> 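This is the structure, below, for whatever I ask next.
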Amino acid sequence: MARSFAVVALFVSVVCFSSALARKTPERFFVEGKIYCDPCQFAFESRLSFPLPGVNVTLECIMEENDTVSYSRKSSTDANGLYSIPVRGDHEEEICVVVANPPNEGQCRQAMPNKSDRIILTKNMGAASQTRYVNPLGFMTQTTDPQCTDVVQELGLDKLFDD
Ligand SMILES: *[C@@H]1O[C@H](CO)[C@@H](O)[C@H](O)[C@H]1NC(C)=O
Ligand SMILES: *[C@@H]1O[C@H](CO)[C@@H](O)[C@H](O)[C@H]1NC(C)=O
Ligand SMILES: *[C@@H]1O[C@H](CO)[C@@H](O)[C@H](O)[C@H]1NC(C)=O
């Protein structure tokens with residue numbers, strides 16, 4: 001009994017200590033996501049999609065009132081098509097999105113919407129984690145992979161368009 005009380009006390013003090021710490025340090029978030037290549041002109045991710053390394057991405061926050069850019073951070077994707085952009089400060093009042101730059105070489109350069117959904121960069125809306133996962137963004141190839149017809153069948157898309 002005494003022991004479990006000690007464990008609870010330790011737990012409570014750790015929680016208090018870490019929340020006190022969180023209050024002192026300035027807000028810091030990590031905006032993370034993936035850029036992929038869609039070789040089927042589906043404009044969505046399928047099993048034939050693959051990661052795109054070396055794509056430049058920009059996190060951009062704008063002030064809604066006057067459309068001015070208030071915060072901007074650049075990064076690029078790693079070998080696995082992933083990026084992680086460190087962000088400082090609270091951006092509750094701003095509209096923040098990630099925009100991907102179309103690659104200037106390679107097969108996969110055709111843009112589909114290259115702008116993410118809005119990213120909420122504030123602690124004041126419930127999310128405790130400091131990582132914000134962004135919806136995957138992609139680019140399409142001009143020509144389609146022959147295997148795409150299999151995927152169309154697997155997903156039942158052929159039935160969708162047949163009748
Ligand atoms: C835009 O609005 C923000 C907040 O109201 C203000 O701080 C900023 O100076 C404005 N910028 C311009 C260029 O008007
Ligand atoms: C996003 O794609 C459009 C074309 O669809 C392009 O005009 C625009 O420059 C791209 N944005 C960025 C930041 O590259
Ligand atoms: C990415 O950005 C860097 C520096 O801003 C630039 O030198 C490079 O050409 C860009 N790469 C692509 C693929 O746009």
Side-chain angles (χ1 to χ4, degrees), residues 7-142 145 148 151 155:
V7 169
V8 169
L10 179 70
F11 177 73
V12 168
S13 63
V14 166
V15 168
C16 290
F17 179 69
S18 51
S19 60
L21 209 66
R23 238 175 283 126
K24 287 216 184 72
T25 51
E27 298 290 12
R28 190 178 166 88
F29 301 99
F30 291 93
V31 170
E32 301 189 352
K34 176 172 70 175
I35 309 291
Y36 66 91
C37 174
D38 161 25
C40 297
Q41 300 218 329
F42 287 156
F44 59 80
E45 208 178 357
S46 71
R47 71 170 172 85
L48 294 178
S49 299
F50 53 89
L52 273 179
V55 175
N56 285 346
V57 293
T58 310
L59 172 83
E60 212 168 76
C61 298
I62 62 161
M63 293 283 194
E64 219 169 347
E65 313 90 272
N66 51 22
D67 263 1
T68 48
V69 176
S70 50
Y71 191 84
S72 173
R73 280 286 170 281
K74 286 184 192 307
S75 187
S76 63
T77 58
D78 65 12
N80 297 315
L82 303 175
Y83 61 86
S84 176
I85 309 173
V87 180
R88 285 197 181 281
D90 190 285
H91 299 271
E92 185 176 7
E93 304 295 325
E94 295 143 84
I95 297 187
C96 302
V97 295
V98 165
V99 188
N101 233 324
N104 43 29
E105 54 187 33
Q107 291 294 303
C108 222
R109 293 157 60 181
Q110 196 177 326
M112 46 184 130
N114 52 357
K115 201 164 132 180
S116 73
D117 295 338
R118 184 176 178 181
I119 306 160
I120 305 297
L121 291 172
T122 179
K123 281 268 165 60
N124 301 333
M125 285 184 182
S129 160
Q130 276 166 305
T131 307
R132 298 289 181 268
Y133 297 102
V134 178
N135 55 304
L137 297 173
F139 294 95
M140 302 182 286
T141 52
Q142 291 285 348
D145 187 307
C148 294
V151 176
L155 297 176

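These values consider heavy atoms only, across backbone and side chains, with no hydrogens, waters or symmetry-generated copies. Note that the structure is a prediction, hence the values are computed from the model and not measured.
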> Between L137 and N114, is there a side-chain heavy-atom distance shorter than 4.5 Å?
no
> Taking side chain to side chain donor-acceptor pair (under 3.5 Å) as the cut-off, I'd like each qualifying pair that reaches into residues 104-113, sequence neighbours left out, listed once.
Q41-Q110
> Could you tell me if S116 and N135 have a donor-acceptor pair between their side chains, going purely by distance under 3.5 Å?
no
> Do the side chains of P51 and K34 get nearer than 4.5 Å, heavy atoms only?
no
> Checking V98 against Y83 for the side-chain contact (heavy atoms from CB on, under 4.5 Å) test, could you report, in this order, the C-alpha distance in whole Å, the side-chain angles of both residues, the deciding distance, and whether it holds?
CA-CA 11 Å; V98 165; Y83 61 86; 3.5 Å; yes
> If the condition is salt bridge (charged side-chain N to carboxylate O under 4.0 Å, His left out), which residues does R73 pass it with, not counting sequence neighbours?
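Partners of R73 under the salt bridge (charged side-chain N to carboxylate O under 4.0 Å, His left out) test: none.
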> Please list all pairs meeting disulfide bond (SG atoms under 2.5 Å apart) that have one or both residues in residues 47-79, counting only residues at least two apart or in different chains.
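Qualifying pairs, neighbours excluded: C61-C96.
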> Are any non-hydrogen side-chain atoms of K123 and Q130 less than 4.5 angstrom apart?
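Side chain of K123 against side chain of Q130, heavy atoms only: contact under 4.5 Å found.
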> In chain order, what residues pass the ring pair (Phe, Tyr, Trp, His ring centres under 6.0 Å) check against Y36, with sequence neighbours excluded?
none
> Do S72 and T58 have side-chain heavy atoms sitting under 4.5 Å apart?
yes
> How would you list, by chain and number, every residue that makes a salt bridge (charged side-chain N to carboxylate O under 4.0 Å, His left out) with E94, sequence neighbours excluded?
none
> Any non-hydrogen side-chain atom of V151 less than 4.5 Å from a side-chain atom of D145?
no
> Is F44 close to L155 at the side-chain level, that is, under 4.5 Å between some pair of heavy atoms?
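Yes, side chains in contact.
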> Tell me, which pairs form a ring pair (Phe, Tyr, Trp, His ring centres under 6.0 Å) where one or both residues lie in residues 85-106, sequence neighbours left out?
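Every ring pair (Phe, Tyr, Trp, His ring centres under 6.0 Å) pair that includes a residue of residues 85-106, provided the two are not neighbours, is Y71-H91.
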> For T77 and V55, run side-chain contact (heavy atoms from CB on, under 4.5 Å): C-alpha distance rounded to whole Å, both residues' side-chain angles, the deciding distance at 0.1 Å, then the answer.
CA-CA 5 Å; T77 58; V55 175; 3.7 Å; yes
> In Å, rounded to the nearest 0.5 Å, how long is the span from OG1 of T122 to CZ of F29?
6.0 Å
